[in-house]
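First the structure, in the form of structure tokens, and then the observations on it.
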Amino acid sequence: MQLTGTGVGGGIAIGPVVRMEDPLPEPVDHPSERTPDIEAGRAADALSATAADLAERGRTAGGAAKEVLEAQALMAADPTLATEVANRVQGGATAERAVFDAFAGYRDTLAAMGGYLAERAADLDDISQRVRAHLAGVPAPGVPAPGHPFVLVARDLSPADTATLDLDQVRALVTAEGGPTSHTAILAREKSIVAIVGVRDASTLADGEVVIVDAGADTVTVAPTPAQLADAERRIADRATLAAAPLEPGRLADGTPVPLLANLGSADGAAEAVRLGAEGVGLFRTEFLFLDADRAPTVEEQRVEYVRLLEAFPGRKVVVRVLDAGADKPLSFVNDDVEPNPALGLRGIRALRAAEPVLRDQLTALAQADAATDAELQVMAPMVATVEEARYFTELAKELGVAVAGVMVETPSAALIADRVLAVTDFASIGTNDLAQYTMAADRLLGSVAALQDPWHPAVLRLIGEVGAAGAKTGRPVGVCGEAAADPLLAVVLVGLGVTSLSMSPSAIAEVRSSLLGFARADAERFARAALATDGASEARGAVREAVAAMRGDSDAGSLNRGG
Ligand code: PEP
Ligand code: MG
């Protein structure tokens with residue numbers, strides 16, 4: 001039997017299920033037998049103890065986890081929440097009930113906002129649980145420690161728990177809740193944990209049951225057959241061999257260089273990216289640095305962050321994207337309007353133009369960081385739809401001292417007129433996540449239309465081909481920095497469509513490097529033609545698998561690109 005969800009990365013793992021305890025139940029709603037002052041004291045103590053505990057975990061965790069835990073500690077210490085709790089206690093509630101109701105109120109407000117903020121709702125639930133566990137004198141709900149390696153199954157793992165997972169024990173993570181941009185997924189990706197989120201039937205998995213977790217195929221296989229286990233073991237061994245292969249620069253079999261770059265959201269991931277063979281950075285998502293900020297960061301605050309990043313890549317290309325604020329990643333200091341359809345609203349370069357001082361400060365900080373370090377900084381704008389926007393951004397970046405400025409191609413319009421766009425800017429980087437979303441008119445956050453969100457679709461591939469051809473015509477580089485670049489077989493097709501570099505989660509680099517080495521440019525171009533000549537995404541994938549199998553003279557086309 002197989003359960004399905006959304007895989008994070010392409011890893012695979014086998015192990016016995018250990019379920020994480022279900023959360024504390026809702027406290028009964030009866031008037032307190034204690035005085036309001038005593039209840040108020042209990043609540044205040046529990047809130048501050050929880051804030052201190054989260055801050056302490058943040059200090060020891062490091063990485064993206066540190067920021068997440070620090071943000072949670074701030075939420076636990078939030079004075080407005082404390083006042084909400086105090087008011088309820090004065091009204092006669094127990095501390096337990098007051099905490100439950102106050103946090104639930106905030107949680108519902110966040111959940112109703114949708115997108116990125118809705119995924120933060122789990123953070124508030126987690127803090128509420130921790131505060132109530134403190135009140136009850138029981139351990140905070142957390143990760144079990146059975147004393148042997150296991151597959152952790154949970155309703156939704158909190159950021160605090162994901163951050164402190166013991167990677168020697170937890171082989172994989174399966175959660176019932178959570179989307180691909182939830183904190184659990186972000187942290188799992190950064191820590192290279194094999195994970196599948198949003199597995200609706202995860203609650204049917206029983207303790208001790210051995211499962212195969214295949215993040216690339218989005219499946220959890222229950223009660224696997226000996227043949228399935230042997231296949232999974234072989235693939236785990238193959239991945240380990242790949243990971244241990246020499247960290248050579250990316251290239252095709254005929255020597256055509258295809259630089260393999262890292263997608264990062266904080267300088268904390270830089271050392272790991274270098275260890276995994278990243279030749280530089282193809283996408284640094286700066287908005288991840290400031291998601292919790294309630295005012296625009298100063299030039300100096302930003303400069304420090306950018307210097308930290310650039311110092312990790314001396315002599316290497318580092319492409320930093322200016323803030324992609326809006327849609328599922330609103331920043332309070334850039335996006336102040338509620339929009340009925342935010343993915344089509346003031347997002348990316350449109351939002352920055354409306355808040356030009358923020359853009360100017362960011363470009364200034366980037367130019368200063370570049371001057372202070374030896375990396376080859378390039379800066380790009382997200383969500384460009386017109387030649388005029390590309391010209392505006394490139395000119396402003398240069399005016400403020402940025403040497404190389406380019407644009408992301410994430411809208412069908414930018415792809416269709418890529419030759420005109422590239423005439424006014426230095427390079428293009430294709431964001432296939434958004435390009436697929438906008439080409440297929442399928443919200444990337446919505447599970448019900450996830451099947452349409454497939455970069456293998458020939459409509460998306462045609463647009464990528466337009467950009468590749470425009471790059472060749474104008475002599476400008478064309479990268480891909482969406483998730484498509486991490487798909488080992490699609491990566492070859494992208495090169496066949498004229499893409500000159502690939503940027504991805506660092507954990508995907510080894511597999512993509514190995515895949516590229518299997519084919520020459522003429523093969524890649526042939527695969528691209530085969531994919532373009534189909535009616536849909538699965539047909540395109542199938543056509544390329546068949547072309548590869550024909551070339552290798554084997555019939556096992558199914559073993560190719562399970563990670564796709
Ligand atoms: C993309 O859209 O493909 C991309 C890389 O940007 P993001 O995922 O941050 O929107
Ligand atoms: Mg994008």
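One-based numbering, in listed order, for ligands and for the atoms of each. Note that the coordinates shown come from a computational prediction; the quantities given were computed from them, not determined experimentally.
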Any heavy atom of L283 under 4.0 Å from ligand 1? The part involved is side chain

Write the atom name of the N, O or S atom in E410 that is nearest the Mg ion (ligand 2). OE2

Please find the N/O/S atom of D434 nearest to the Mg ion (ligand 2) and write down its name. OD2

Nearest-contact summary for atom 6 (O) of ligand 1 - protein heavy atom, Å: R321 NH1, 3.0 Å

Quick check: do T256 and R251 have side-chain heavy atoms less than 4.5 Å from each other? no

Suppose we measure from atom 5 (C) of ligand 1 to each protein heavy atom; which comes out shortest, and what is that distance? C481 O, 3.4 Å

Mark the output for K329 as yes if a heavy-atom distance to ligand 1 is under 4.0 Å, and as no if none is. yes

In terms of heavy-atom contacts, does CZ of R420 have more than 12 from other residues, nucleotides or ligands at under 6.0 Å? no

Should the proximity of M383 to ligand 1, defined as any heavy atom under 4.0 Å, be assigned to the side chain, the backbone, both, or neither? neither

Residue R444 vicinity, atoms of ligand 1 by number, heavy atom under 4.0 Å: 2 (O), 7 (P), 8 (O), 10 (O)

Will you find, in the side chains of S505 and S507, an N or O donor that is under 3.5 Å from an N or O acceptor? no

Can E279 and R316 be said to form a salt bridge (charged side-chain N to carboxylate O under 4.0 Å, His left out), step by step? CA-CA 7 Å; E279 295 169 57; R316 301 299 182 92; over 6 Å; no

Counting C-beta onward and ignoring hydrogens, is there a side-chain heavy-atom pair between E483 and P455 closer than 4.5 Å? no

For R347, is the nearest heavy atom under 4.0 Å from an atom of ligand 1? yes

Report yes if the side chains of F313 and L261 come closer than 4.5 Å at any heavy-atom pair, otherwise no. no

Does the N or O separation between E483 and ligand 1 drop below 3.5 Å for any pair? no

Taking the minimum heavy-atom distance to atom 1 (C) of ligand 1, which of G431, P455, A343 ranks first? G431

G482: numbered ligand 1 atoms lying under 4.0 Å from its heavy atoms: 3 (O), 5 (C)

Verify the distance test for D324 against the Mg ion (ligand 2): any N/O/S atom under 2.8 Å, yes or no. no

Residue pair R107, D126: steps toward the salt bridge (charged side-chain N to carboxylate O under 4.0 Å, His left out) verdict: CA-CA 10 Å; R107 176 204 197 287; D126 176 52; over 6 Å; no

Would you kindly say whether Q302 and Y306 are connected by a side-chain donor-acceptor distance under 3.5 Å? yes

When you measure from atom 7 (P) of ligand 1 to every protein heavy atom, which one gives the shortest distance, and what is it? R285 NH2, 3.5 Å

Side-chain contact test, heavy atoms from C-beta onward, threshold under 4.5 Å: evaluate it for I430 versus L435 and give yes or no. yes

Compute the shortest N/O to N/O distance between E287 and ligand 1 and return yes if it is under 3.5 Å, no if not. no

